Amino acid sequence: MMNKSLIGSDQVVVQNEQYIASDMNGETVMMNVESGKYYNLGMVGGRIWELSSSPVSLENIVNTLVAEYDVTYDVCLEQVSEFAGQMFKEGLIEVVAEKDGLRVE
Amino acid sequence: MTIFTVNKTINKTIYQAFGLHFDSEILLPELLQRQDTQEADVNIEIQDLSEWRSVVNTRENNFTMQSIGFMFEIPNTALFCIQDGKRIGIHPFPDADMDKIRLYVLGTCMGVLLLQRGILPLHGSAVVINNKAYAFVGESGAGKSTLASTFVQSGFQLLSDDVIAVSYENGEPVVHPAYPQQKLWKESLDLFGMSEDQFKPLHDEVSKFAIPVTKHFHNKTVPLAGVFELVKMDSEYVAMREMNRLERLHAMMLHTYRGALIPRLGLKQWHFSSAAALAGELFALQILRPTTGFTAPELMNQIMRKIYQEEMQGDTIYSTEHFN
C-alpha cells in the first residue's frame, strides 16, 4: 500500500522503552508491554536492537555490522535502512534526531 | 490477641512442595511431610501485621510490594506477606476460616513465593509419562484437571494439579512436584463415578472438589518434555497443531500462575526472559477441543500418540517451525 519507509544513514534511532526483549536461542524476541504484541527480530535484527539501546546513527550501526558480518557497506546500509524502517513503522524504535542537527530538504 | 499465642516450642513439621521445604506454623495437611530433616527453605508463620493493615487495605495498595514484602489482604480472612521468597507471614482476622487461609497460602502466596525465588509457575496440571513431565495449560474450564485426572485414572502419575513449578537443572527445564491433590469440577466427579460427599469442597470454588491422590503422586523432580495448551472450540472433533516459537512464548507468558502480579513484583523482564528461554526449545502443541461432549479419554489417546511420535524422533524434543 505504501512505499517502503527507509531510515537514512545519518538518522539517529533509539529503542522504544515500551518493549521488553530477550534472547531466544540466539535470536531476539520482543513484546510490547502495552499491546502484548510479540516480535521476533532474528539474530542480526537483535543486534540492531541491542546497538540502539542508546541513541545511535544508522551509519554507526552499519559500521558495526560490517565489522561483525561478512557484508559490504552498501549492501548492509540498504538492508539495515529497510529493516530499521520496518522497526520504526512497528514502533520498535524511535527516530530521535538527525545526526548533524535538523536537515531541511 | 489470642490468635497470636501459637505454641512455638512444639515439634516442627517440615513439609515439602515445589522442590522446597517448608517450616509451617499452620497445619498443611495437603502437603507431604518430611521426617528426615528439620531444615527449611521457607517459613510459614503467624505474624502480627496490624501496623500494615491501614496501608494495604486500600484498592490501590492491596497486592503491592511494601518494605517488608509483597502484601495482600483478603477481607474477613487474613493479611498475607510474602518476603524474599523465604517467608510467608499470615495475620489471620478474627473468626477467619482456616480452610480459606490455607487456600490462599497454597495458592497466591505460593505463586508469589515461587516467582520471588526465580521459579516459573505455570498454571495447569502436569503428569509423568516415561519419566518426563508433560504439562497441560489453558484457560479456566479448558479441561486441564479433567485431562490430568484421565491420565491418573489410567495409571499415570500426577505432579501437580494447579501450579507447575518450572526451574532449571543443568540447563534443562524440570518440574518439581506440587502436592498430592487434584481439583475437579462436580461434573467431572460425576463422569468418573465419584461421589461428591466423599470429598471436601474447595473454598470459593463451590463446585470444585479436592481429591487426594496418594499412590498416583510422583514425588520426584523430572525433566519437562512438553506442554499442551488446551483451547475450547466450537467443533465436533479434536484438532492438534504444533505451535511456533512466538506462540509458545505467548503461551508461557499467558499461562504463568498469578501472572497479573508480576509487574507489581518488579519481575517483568525476568518473566519475559524466563518464558523466552523455556519456549525456545519446548515441544508444544495446541489442542483444540470441542466444547460439548466428554472427550478426555479420546484426547488422552491422541496425546499419547503424539508423545510416542516425538520420542521416536530422538532424545531431545525440538519442534520444527518456520518463521516469517
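Proteins come first, then strands; the chains are lettered A, B, ... in the order of their sequence lines, and each starts at number 1. Because the structure is predicted, anything quoted here is derived from the model rather than measured.
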- Minimum side-chain heavy-atom gap Asn25(A)-Arg245(B) below 4.5 Å: yes

- Message: Is it the case that over 12 heavy atoms from other parts of the model lie below 6.0 angstrom from the OH atom of Tyr308(B)?
- Response: no

- For residues Met30(A) and Phe272(B), report the shortest heavy-atom separation together with the two atoms involved. C-CZ, 3.5 Å

- Message: Would you say that Tyr39(A) contacts Leu246(B) through its side chain, given a criterion of any heavy-atom pair below 4.5 Å between the two side chains?
- Response: no

- Answer yes or no: is there a donor N or O on one side and an acceptor on the other, between the side chain of Glu281(B) and the main chain of Met24(A), under 3.5 Å? no

- Between Ala276(B) and Ser22(A), the two heavy atoms sitting closest are CB-OG, 3.8 Å

- Query: Around atom CD of Glu68(A), are there more than 12 heavy atoms of other residues, nucleotides or ligands at under 6.0 Å?
  - Reply: yes

- Is it the case that more than 12 heavy atoms not belonging to Asn57(B) sit under 6.0 Å from its CG atom? yes

- Item | Tyr38(A) vs Met253(B) side-chain heavy atoms within contact, under 4.5 Å | yes

- Query: Counting heavy atoms not belonging to Tyr237(B), are there more than 12 under 6.0 Å from its OH?
  - Reply: no

- Could you tell me whether Glu78(A) atom CD has more than 12 heavy atoms of other residues or ligands within 6.0 Å of it? no

- Query: Picking from Lys268(B), His250(B), Gln269(B), which has the most non-hydrogen pairs under 4.5 angstrom with chain A?
  - Reply: His250(B)

- Task: Return yes when atom CE of Met43(A) has more than 12 non-hydrogen atoms of other residues, nucleotides or ligands closer than 6.0 Å, and no otherwise.
- Result: no

